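Here, residue 1 is the first one in the sequence, and each next residue gets the next number. Any value given below was found using the heavy atoms of this structure, including those in side chains, with hydrogens, waters and symmetry copies removed. Computed from a predicted structure; not experimentally measured. Just so you know, ligand 1 is whichever comes first in the structure, and atom 1 is the first atom listed for that ligand.
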Amino acid sequence: MKNLLNVLRDDDVETELMQVIETIIDASKEIAFRVRQGALAGVLGSTQDENIQGETQKHLDIISNQLFKDLLLACRPVAALASEEEDTVVEANPTGKYLVAFDPLDGSSNIDINGQIGTIFSIYRALDLIPHHSEMQFHQQGSQQVCAGYVLYGPSTLLAITTGKGTRCFTLDSTQGNFLLTADKIQIVQDTQEFAINMSNSRFWSEDMRCYISDLTLGETGPRQKRYNMRWNAAMVGDVHRVLTRGGIFLYPSDNRNAKQPAKLRLLYEANPMAMLTENAGGRAWSEQQRILEIQPQQLHERVAVILGSANEVDECLSYLQR
Ligand code: AFP
């Protein structure tokens, strides 16, 4: 089996970008070890603090964020960082060429129940003429990403990654410490009978979204005329990995719970990287109005609705929203 670095070299990935990816991988291997140790490593439980998202920070959130920061700040090609756990941009190296945005630990609510959790990352080229510490560096559309990926800390530790030439999955061989290629050029099936959404929010959705989901639950007796199954991992990495692996549609729609926060998932380090992975695997990734990778970011931690997965099912969902 090919290892990650050989595959990236075969794809002519630039040396300095390889260094950034290797650094991300090194951090994720350390997190994978801590996650496996769980309570034995003293990483469970919550702190007394909240992050800029207003979320209580788990010990593993802090540990993971610090690990990524320490390693990436020491990686010369990195110009600046943006993290779910950092209020503002963290400036790195003045001669750096790349920006890294990351959610160090996605699915934090699953940590204490031994559920699926992961790391999501997104890499851009730094812009000339703008200071590296400026938030404007990260106001690039998702279509400008040069690399996107996630690490899923599950029964096995998996890496899904794309540099724009298809989406591949690698499995960590913990005996050797290498990620080995286990799924090349992933293709998401165009149709599905499986959807992922947090149904407890249905009263907050738009009427059109409620209608779309209701028709899925009507199964053979309804207008879709086929039975649908539902899954919800409460960790985007786990749900998206299932979609990449066997198809499906993942939805976190806008809702009216909080007028100041009409959506939950973050554009920069959740929606955009997952959209790049999904589209490179032949799927679709939209917010409710537009293709996610074409959204023009306005703020570092801005949130968007996410509808992604099997192309024909995403199109069907959008047809309900565009009625
Ligand atoms: P946490 O990292 O705070 O657990 O949030 C995870 C997440 O951002 C995303 O990974 C999940 O798909 C989504 O939130 C789950 O949200 P709900 O808890 O509202 O279902």
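Here Arg76 pairs with Glu16 in a salt bridge; the nearest charged N to carboxylate O distance falls below 4.0 Å. A salt bridge links Arg168 to Asp11: at least one charged side-chain nitrogen sits closer than 4.0 Å to a carboxylate oxygen. Salt bridge annotation for Asp184-Lys2: absent, with no cationic side-chain nitrogen under 4.0 angstrom from a carboxylate oxygen.
Less than 4.0 angstrom separates some heavy atom of Ser109 from each of these atoms of ligand 1: 4 (O).
In the displayed structure, Met136 atom CE is contacted under 6.0 Å by at most 12 heavy atoms of other residues, nucleotides or ligands.
Closest protein heavy atom to atom 11 (C) of ligand 1: Met236 N, 3.6 Å.
The shortest N or O to N or O distance between Leu265 and ligand 1 is not below 3.5 Å. Residue-to-ligand polar distances keep Arg257 apart from ligand 1: every N/O pair is separated by 3.5 Å or more. For ligand 1, the polar-atom distance check finds no N/O of Asn201 at less than 3.5 Å from any of the ligand's N/O atoms.
Comparing heavy-atom distances from atom 8 (O) of ligand 1 across Glu55, Glu270, Lys58 singles out Glu270 as nearest.
Heavy-atom distances between Glu84 and ligand 1 stay at or above 4.0 Å for every pair.
For Tyr212 and Tyr320, the ring centers are positioned less than 6.0 Å apart.
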